[in-house]
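To keep things clear, I will list the structure first and then write my remarks on it.
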Amino acid sequence: DAGVIQSPRHEVTEMGQEVTLRCKPISGHNSLFWYRQTMMRGLELLIYFNNNVPIDDSGMPEDRFSAKMPNASFSTLKIQPSEPRDSAVYFCASGSPPQGQETQYFGPGTRLLVL
Amino acid sequence: GESVGLHLPTLSVQEGDNSIINCAYSNSASDYFIWYKQESGKGPQFIIDIRSNMDKRQGQRVTVLLNKTVKHLSLQIAATQPGDSAVYFCAENIDQAGTALIFGKGTTLSVSS
């Protein structure tokens, strides 16, 4: 099993540019999560999907952030326009709940630096 | 509001010692807890989980203890090795639908030889 795959692994961009982060969940998992990690705020849940449907996006910082899951094997997190305060590590995780609770498996993360 | 926190931000131990990492949670409705390990430059990695109908669960060199009375969770690592050096997070599930984990800030474990 390849695990959760994220791309790119590193992204450096300038303020105002659009950034697209990609995630391929573990095959067979029906839940997908996007997290942001910073030293100051730790791990923050941004949004999660069940069966490709967004369930809770209350963690999305603002309208500049959007996430999609067009099919069971692919999701994107887009930031437009990007700002320096968006610099963080963005993790994607997937899981499959037994009896309503689940373990989430994380990808390696995308390290984003907005200049 | 609900929160998951750790008693100590850092823990330093000698190789071979046993380590205990603590975590407090505030929501008595939480019924599923997970410990994750995050090494530098990597994503969090699942270590062990426990459901609220249990008070102890053992894995390979790791044991998780749950005290629902005082809303306390701990991770015990036996015979700590340098490879155990990492940040450890506890997480709780407060959503009965089953998918919203809330993470604590993390404890950094440093193991010296």
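Keep in mind that what you see is a predicted model, and the values were worked out from it rather than measured. By convention in this document, chain letters (A, B, ...) are assigned in the order of the sequence lines, proteins followed by strands, and residues within each chain are numbered from 1. Hydrogens, waters and symmetry mates play no part in the numbers below; they use all other heavy atoms, side chains included.
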_Contact origin within A/Gln37 toward chain B - heavy atom pairs under 4.5 Å_ = side chain
*If Ile, Leu, Val, Met, Phe, Trp and Tyr residues are connected whenever their side-chain heavy atoms lie under 4.5 Å apart, and connections chain through other members, are B/Leu65 and B/Leu73 in the same group?*
no
*What residue, out of A/Gly42, A/Pro108, A/Gly107, has the most heavy-atom pairs lying under 4.5 Å from chain B?*
A/Pro108
_Could you report the tightest heavy-atom contact between B/Lys42 and A/Phe91, atom names first, then the distance?_
O-CZ, 3.8 Å
*asked:* Does the plane of the ring in B/Tyr36 sit parallel, tilted or perpendicular to the ring in A/Phe106? Use 30° and 60° as the thresholds.
replied: perpendicular
_Check this for me: A/Asp63, atom CG, are more than 12 non-hydrogen atoms of other residues, nucleotides or ligands nearer than 6.0 Å?_
no
*asked:* Using 0.5 Å steps for rounding, measure from the CD atom of A/Glu44 to the CD1 atom of B/Ile102.
replied: 10.5 Å
_B/Met54 CE: over 12 foreign heavy atoms closer than 6.0 Å_ = yes
*State yes or no: do B/Ile20 and B/Leu75 share one hydrophobic cluster built from I, L, V, M, F, W and Y residues joined by side-chain heavy-atom distances below 4.5 Å, directly or via other members?*
no
*Does one hydrophobic cluster hold both B/Leu66 and B/Val62, with members joined at side-chain heavy-atom distances below 4.5 Å?*
yes
*Counting only heavy atoms closer than 4.5 Å, note whether A/Met39 contacts chain B via side chain, backbone, both or neither.*
neither
*At a heavy-atom separation under 4.5 Å, does B/Gln38 approach chain A through its side chain, its backbone, both, or neither?*
side chain
*Checking B/Lys105 side chain against A/Arg41 main chain: does a donor-acceptor pair fall under 3.5 Å?*
yes
*Should A/Val89 and B/Phe103 be counted in the same cluster of Ile, Leu, Val, Met, Phe, Trp and Tyr side chains packed under 4.5 Å apart?*
yes
